[in-house]
Amino acid sequence: MPINERLLKPYDPNATEDRIAKQWETAKAFAPAAVARSGKIFSMVLPPPNVTGALHLGHATMLAIEDIMVRYARMRGDKTLWLPGTDHAAIATQVKVEELIHKTEGQTRAELGREEFLKRVEIFAAEKHDEIVAQIKKMGASVDWSREAFTLDETRSRAGRAAFKQFYDAGLIYRGRRLVNWDPKLQTTVSDDEIEWENEATPLYYLKYGPFVIATARPETKFGDKYVVVHPTDERYQQFKDGEKITVEWLTGPITATVIKDEIIDPTFGTGAMTITPAHDQTDYDIAARHQLAFEQIIDLRGKLLPVAGDLAGQHWKKARPLIIEKLRAKGLLEKIEPDYQHQIAKNSRGGGLIEPQVLEQWFVAVNKPFGEKQMTLKELMRQPVADGRIKIIPERFQKVYFHWLDHLRDWCISRQIWYGHRIPVWYRPKAAPDDGRADQSRAGQEIYVGIEPPADDDWQQDPDTLDTWFSSGLWTFSTLGWPASAAGKPNSPTDLETFHPTTVLETGYDILFFWVARMILMSGFLLQQIPFHTVYLHGLVRDEGGKKMSKSKDNSIDPSVMVEKYGADALRLALIIGTSPGHDLKISEDRIRGYKHFSNKLWNIGRFTLTAIGETAPPPTAEISAADQAALTELNILTKEVTTDLDNYNFHLAAEKLYHYIWHTLADKIIERVKTKEQSLWLLYTAFERSLRLLHPFSPFITEELWSFLPKPPTDTLLINAPWPTF
RNA sequence: GCACGCUUAGCUCAGUUGGUUAGAGUAUCGCUUUUACACAGCGAGGGUCGGGGGUUCGAAUCCCUCAGCGUGCACCA
């Protein structure tokens with residue numbers, strides 16, 4: 001048989017990769033059933049990409065790393081599942097579609113209405129989904145498409161409702177009136193983790209408050225301030241007793257103020273006295289709660305002042321601020337202004353506006369409430385498996401970050417006022433209070449129903465809110481494996497859930513350690529009494545050449561699909577692995593990707609030489625192995641061992657670099673040259689080449705599979721499933 | 001403020017438990033169509049491994065300290 005014609009031309013990834021991909025697909029090579037030699041199980045879920053847009057290089061990195069793990073597991077003979085899917089990404093997707101509709105049609109979501117708007121979102125999500133799926137395939141990711149899931153499909157929605165009900169029945173989900181992060185722009189709450197703090201210089205106003213002078217950066221919130229707080233040991237304010245009432249002249253006339261003593265006050269800051277605005281500030285809210293003080297809403301949900309502001313009522317706080325300053329000046333209440341006061345302002349990281357804390361009735365997950373026989377809290381449930389080593393986090397330093405986050409964790413606000421997402425499975429009777437823009441839509445006195453299915457009678461009205469997207473993605477490791485078991489009929493045994501859960505490893509970016517990883521540990525721990533995974537591997541973020549985080553909106557992203565077109569998925573994968581390390585950010589340039597294309601070409605030519613040299617059959621070992629061959633063999637075994645160890649330890653970059661170096665500088669530079677001079681045998685060359693293909697396959701699947709197909713062996717073989725991982 | 005990370009070739013970065021002449025891509029320069037490789041190959045130059053101190057036979061690697069940059073968390077009215 002003459003040498004394959006394709007091998008005579010330079011390596012063309014475009015002509016190869018799609019064909020190989022199809023071959024794998026036809027062979028159903030990515031299904032767990034394809035391999036089961038070792039008796040072990042390997043399972044992993046794909047962190048579902050958001051259907052907000054096409055994949056960027058961060059996703060490509062994720063796919064590359066995960067595919068290495070999965071292909072390695074398969075070659076070791078493990079029954080291997082890599083489960084793919086996409087994430088509806090509630091708020092992010094809604095914002096994206098709202099912007100799009102506003103831009104193209106000039107419509108708002110309110111004008112379209114809930115039903116019509118959701119239809120548009122679904123069309124958008126479906127388009128992005130198809131793009132994402134095509135991109136995943138292009139990268140060579142060997143996911144099991146037969147089990148593909150979506151966080152908002154019917155199965156996952158049912159799982160979300162079931163989860164909600166279980167938490168509710170255990171008293172761990174409650175409806176409470178509390179200070180939450182309100183986004184006036186998107187008209188929804190967001191969780192503490194979704195807030196981004198930005199530095200800002202702003203004037204600090206010193207105001208006369210009776211005998212006190214208080215400082216504030218937000219004079220427009222001060223209308224209702226009826227409490228002045230000082231430190232209990234502050235000698236300047238010794239003459240005032242805790243709880244003492246005084247009359248002060250204030251913005252809209254004289255008011256009765258109460259002196260409160262609390263140790264949270266820093267006597268060295270400003271004047272050591274401050275008034276509090278419990279309805280619009282976390283610290284103030286905490287003080288008010290501690291002393292059981294009343295709180296009054298000053299600013300409405302759109303950012304406008306309420307009647308307490310007197311003649312400024314109805315004005316947006318931004319417009320009202322200068323007017324208030326004028327008023328204070330006129331009344332002689334303005335002591336001084338410090339112009340460049342540095343403070344931080346809260347922004348909604350999901351493309352929203354400035355956060356205005358508001359007291360609202362919302363749904364929360366109680367993280368500090370003991371439950372069950374062990375009287376453990378959810379916070380402890382999240383801490384324990386990491387603390388006792390059942391879940392290992394790589395790199396290890398993120399364990400500390402995780403614990404630190406847990407220490408400060410407050411109850412998780414899970415209700416959102418956006419439309420796209422899982423509707424909260426709660427129904428009320430007789431009917432909901434009208435939305436008048438005020439923060440007092442109490443549902444007290446109403447009958448409540450919480451269930452997986454809607455109530456039978458039709459006089460119930462469902463809660464209009466949706467769930468935080470992380471509530472449903474927290475279920476991902478098991479909502480994708482058949483949880484909760486359907487009531488009808490007994491599933492085959494063992495079920496996917498029994499076989500594949502807990503999953504082996506979770507691989508994701510460190511930026512969603514809190515959002516996602518922690519929530520998965522919570523969900524799995526409470527609902528399944530299991531850990532969701534044994535190992536967490538966190539990769540760094542991909543940044544552009546300027547060091548900025550890649551994002552579609554900034555338009556600084558290198559499109560992975562374009563890179564695959566130009567240099568091949570194999571080259572892109574190597575460029576994203578070599579020279580990186582776990583948990584560290586990666587700056588990537590196109591040059592770097594191009595560089596690794598040369599490596600594909602080098603390997604291709606090694607293949608051409610080797611296969612031309614050996615002819616039609618694999619060369620038999622020489623009767624006696626020469627010293628030169630033996631030395632090369634030893635080197636090959638050392639490499640095999642090191643690569644194996646590196647893969648076992650999640651050091652993919654080290655393994656890839658060693659292979660790169662060996663193939664170029666040993667196989668090509670030394671072995672081929674020595675074969676030319678007959679110093680080493682063809683048998684050795686063939687052995688080293690064949691071994692290199694197997695070792696490199698997890699990293700560069702396409703070219704290795706293609707070269708493998710040219711080796712003298714039965715034609716049905718694929719490297720992916722038939723070639724065992726080499727031993728040493 | 002608390003915690004963590006980074007500082008290595010012109011640039012972007014690797015360098016696992018301390019061990020020969022510190023590596024990769026790219027950039028610069030030179031050579032090469034000689035039995036794989038011009039969509040290239042080979043080779044060269046380029047590094048007091050942020051500064052200082054210490055431990056050690058031996059430090060880019062471990063310890064202390066200083067500086068700069070970055071990240072997470074918390075926070076001041």
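Numbers restart at 1 for each chain; the letters A, B, ... are given by sequence-line order, proteins then strands.
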Asker: In whole Å, what separates the C1' atom of C66(B) from that of G72(B)?
Answerer: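 The same atom, C1', in both gives a distance of 24 Å.
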Asker: Is H598(A) close enough to U26(B) that one of its side-chain N or O atoms is under 4.0 Å from OP1 or OP2 there?
Answerer: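 Affirmative; the distance criterion is met.
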Asker: May I have the distance from I264(A) (atom CD1) to G1(B) (atom P), rounded to whole angstrom?
Answerer: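 Taking atom P of G1(B) as the reference, CD1 of I264(A) is at 20 Å.
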Asker: Using a 4.0 Å heavy-atom cut-off, does K9(A) contact any base of the nucleic acid, only the sugar-phosphate backbone, or nothing at all?
Answerer: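 Nothing, no nucleic acid heavy atom in range.
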Asker: Name the closest nucleotide to the A215(A) side chain, picking from A77(B), G72(B), U16(B).
Answerer: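 Closest nucleotide to the A215(A) side chain: A77(B).
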Asker: In terms of side-chain heavy atoms of F269(A), which of G72(B), A77(B), C4(B) is nearest?
Answerer: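 It is A77(B).
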Asker: What is the nucleic acid contact for A575(A), judged by heavy atoms within less than 4.0 Å: base, sugar-phosphate only, or nothing?
Answerer: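 If one applies the 4.0 Å heavy-atom cut-off, A575(A) turns out to touch nothing in the nucleic acid.
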Asker: Can you tell me if the side-chain N/O atoms of S581(A) get under 4.0 Å from OP1 or OP2 in A14(B)?
Answerer: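 So the side chain of S581(A) is within the cut-off, an N or O lying under 4.0 Å from OP1 or OP2 of A14(B).
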Asker: When the C1' atoms of C37(B) and U28(B) are compared, how many Å lie between them, rounded to an integer?
Answerer: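 Result for the C1' pair: 24 Å, nearest Å.
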Asker: Kindly indicate whether the side chain of E673(A) and the base of A36(B) share any N or O donor-acceptor pair separated by less than 3.5 Å?
Answerer: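 Check passes, donor-acceptor contact within cut-off.
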Asker: Base, sugar-phosphate, or nothing: which does I265(A) touch, judged by heavy atoms less than 4.0 Å apart?
Answerer: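 Contact class for I265(A): base.
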Asker: Taking N and O atoms by type only, does the side chain of K597(A) place a donor or acceptor under 3.5 Å from a partner on the base of C39(B)?
Answerer: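 Per atom types, the contact qualifies.
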Asker: Flag the pair R674(A) and D629(A) as a salt bridge only when some basic side-chain nitrogen lies within less than 4.0 angstrom of an acidic carboxylate oxygen.
Answerer: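 No, no charged N to carboxylate O under 4.0 Å.
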Asker: In whole Å, what separates the C1' atom of G58(B) from that of C73(B)?
Answerer: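 41 Å, rounded to whole Å.
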Asker: Would you say the base of A14(B) and the side-chain of K658(A) have a donor-acceptor pair closer than 3.5 Å?
Answerer: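 Per atom types, no contact qualifies.
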Asker: Expressed in whole Å, how much space separates the C1' atoms belonging to A22(B) and A14(B)?
Answerer: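 Looking at atom C1' only, A22(B) and A14(B) are 11 Å apart.
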Asker: Using the P atom as the reference point in each nucleotide, state the distance between U17(B) and C2(B) in Å, no decimals.
Answerer: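 About 29 Å, rounded to a whole number of Å.
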Asker: Classify D669(A) by what it touches in the nucleic acid, base, sugar-phosphate, or nothing, heavy-atom distance under 4.0 Å.
Answerer: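 Answer is sugar-phosphate: D669(A) comes under 4.0 Å of backbone atoms only.
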Asker: Distance check: side-chain N/O of Y660(A) vs OP1/OP2 of G25(B), anything under 4.0 Å?
Answerer: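 Checking Y660(A) against G25(B): at least one side-chain N or O falls below 4.0 Å of OP1 or OP2.
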Asker: Using modelled atom types and a 3.5 Å cut-off, is there a donor and acceptor pairing between side-chain atoms of D234(A) and backbone atoms of P267(A)?
Answerer: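 Not a single qualifying donor-acceptor pair exists.
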Asker: Between A668(A) and N651(A), name the one whose nearest nucleotide on RNA chain B is closer to the 5' end.
Answerer: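 Its nearest nucleotide lies further toward 5', so the answer is N651(A).
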Asker: Between C29(B) and G45(B), how far apart are the two C1' atoms, rounded to whole Å?
Answerer: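 Nearest-Å result for C29(B) against G45(B) at atom C1': 8 Å.
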Asker: What integer distance in Å separates I672(A):CD1 from C42(B):P?
Answerer: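 Rounded to the whole Å, the gap is 11 Å.
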Asker: Quick one: label H661(A) by what it contacts on the DNA or RNA (base, sugar-phosphate, nothing), any heavy atom closer than 4.0 Å.
Answerer: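 Nothing, no nucleic acid heavy atom in range.
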Asker: Using modelled atom types and a 3.5 Å cut-off, is there a donor and acceptor pairing between side-chain atoms of N14(A) and backbone atoms of E565(A)?
Answerer: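 The answer is yes, because a donor-acceptor pair under 3.5 Å joins these two groups.
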Asker: Just call it for Y341(A): base, sugar-phosphate, or nothing, with non-hydrogen atoms closer than 4.0 Å on any strand.
Answerer: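 The answer is sugar-phosphate, as Y341(A) gets under 4.0 Å only of primed atoms, P, OP1 or OP2.
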Asker: D585(A) has an atom CG; how far is it from atom C1' of G72(B), in whole Å?
Answerer: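 Computing the D585(A):CG to G72(B):C1' distance gives 12 Å.
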Asker: Treating Y402(A) as the side-chain partner and M382(A) as the backbone partner, does any N or O pair qualify as donor plus acceptor under 3.5 Å?
Answerer: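 Judged by distance alone, yes, a pair lies under 3.5 Å.
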Asker: Identify which nucleotide among A27(B), A36(B), A77(B) has an atom closest to any side-chain atom of T216(A), counting heavy atoms from C-beta outward.
Answerer: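 Of all the options, the side chain of T216(A) is nearest to A77(B).
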Asker: In terms of side-chain geometry, is the basic nitrogen of D18(A) or K138(A) positioned less than 4.0 Å from the acidic oxygen of its partner?
Answerer: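 Judged by the 4.0 Å cut-off on N to carboxylate O distance, D18(A) and K138(A) do form a salt bridge.
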Asker: Does H231(A) use its side chain to pair, donor to acceptor, with the backbone of D266(A) at less than 3.5 Å?
Answerer: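 Side chain of H231(A) to backbone of D266(A): no pair is present.
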Asker: Quick check for you: among G15(B), C73(B), C37(B), whose closest atom lies nearest to any side-chain atom of H408(A)?
Answerer: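 Out of G15(B), C73(B), C37(B), the nucleotide with an atom closest to H408(A)'s side chain is C73(B).
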Asker: Take atom NZ of K400(A) and atom C1' of A3(B), then tell me their distance rounded to the nearest Å.
Answerer: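 So the two atoms are 7 Å apart, to the nearest Å.
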Asker: Is T216(A) reaching over with its side chain to a backbone N or O of R218(A), donor-acceptor style, under 3.5 angstrom?
Answerer: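 It does hold such a pair.
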Asker: Could you give the CD1-to-P distance, from I345(A) to A74(B), as a whole number of Å?
Answerer: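 Checked: the CD1 to P distance equals 17 Å.
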Asker: Please report the distance, rounded to the nearest Å, between CD1 in I606(A) and C1' in G41(B).
Answerer: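 I606(A) atom CD1 is separated from G41(B) atom C1' by 12 Å.
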Asker: Under 3.5 Å, is there a donor-acceptor pair between the side chain of E17(A) and the main chain of A569(A)?
Answerer: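 At least one qualifying donor-acceptor pair exists.
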Asker: NA contact type, F398(A), heavy-atom cut-off 4.0 Å: base, sugar-phosphate, or nothing?
Answerer: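 No contact.
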Asker: Quick check for you: among C6(B), A36(B), A24(B), whose closest atom lies nearest to any side-chain atom of H584(A)?
Answerer: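 That would be C6(B).
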Asker: Mind pulling the stems RNA chain B is in, i.e. runs of at least three Watson-Crick or G-U pairs, everything under 3.5 Å?
Answerer: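 RNA chain B forms these stems: B:1-7 with B:67-73, B:10-13 with B:23-26, B:28-32 with B:40-44, B:50-54 with B:62-66.
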Asker: Classify the nucleic acid contact of W197(A) as base, sugar-phosphate or nothing, counting any heavy atom under 4.0 Å across all strands shown.
Answerer: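 Nothing: the residue W197(A), judged by heavy atoms under 4.0 Å, touches no strand.
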Asker: Under 4.0 Å between a Lys/Arg side-chain N and an Asp/Glu carboxylate O for R350(A) and E194(A)?
Answerer: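 So R350(A) pairs with E194(A) through a salt bridge.
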Asker: Taking the minimum atom-to-atom distance to the side chain of E657(A), which one of G25(B), A14(B), G72(B) wins?
Answerer: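 That would be A14(B).
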Asker: Write down the distance separating the P atoms in A40(B) and A27(B), rounded off to the nearest Å.
Answerer: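 Pairwise P distance, A40(B) against A27(B), rounds to 10 Å.
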Asker: Tell me which of T275(A) and N601(A) sits closer to the 5' end of RNA chain B, going by the nucleotide each one is nearest to.
Answerer: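 Of the two residues, N601(A) wins.
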Asker: Less than 3.5 Å apart, any donor N or O on the side chain of R691(A) or N637(A) sitting next to an acceptor on the other?
Answerer: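 Result is yes, a qualifying pair exists.
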Asker: Rounded to whole Å, please give me the gap between CG in L682(A) and P in U35(B).
Answerer: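 Interatomic distance, CG of L682(A) to P of U35(B): 18 Å.
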Asker: What nucleotide, of C76(B), G15(B), C42(B), holds the atom closest to the side chain of W664(A)?
Answerer: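 Between C76(B), G15(B), C42(B), the one nearest the side chain of W664(A) would be C42(B).
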Asker: On a whole-Å scale, what distance lies between the P atoms belonging to G70(B) and C13(B)?
Answerer: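 Approximately 14 Å lies between the P atom of G70(B) and that of C13(B).
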Asker: Can you tell me the distance, in whole Å, between the CZ atom of R592(A) and the P atom of A9(B)?
Answerer: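 That distance rounds to 15 Å.
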Asker: Return no unless some side-chain N or O of H653(A) is found under 4.0 Å from OP1 or OP2 of G15(B).
Answerer: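 H653(A) to G15(B) OP1/OP2: side-chain N or O found under 4.0 Å.
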Asker: So, applying ring pair (Phe, Tyr, Trp, His ring centres under 6.0 Å) with F212(A), which one of Y227(A), W250(A), F240(A) is it?
Answerer: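 Of the listed residues Y227(A), W250(A), F240(A), the ring pair (Phe, Tyr, Trp, His ring centres under 6.0 Å) partner of F212(A) is F240(A).
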Asker: Which part of the nucleic acid does D591(A) contact within heavy-atom distance under 4.0 Å: base, sugar-phosphate only, or nothing?
Answerer: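 Sugar-phosphate only.
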Asker: Regarding C37(B), can its base be found pairing with the side chain of K602(A) as donor and acceptor, where the two atoms are less than 3.5 Å apart?
Answerer: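 Counting by modelled atom types and ignoring angles, a donor-acceptor contact under 3.5 Å is found here.
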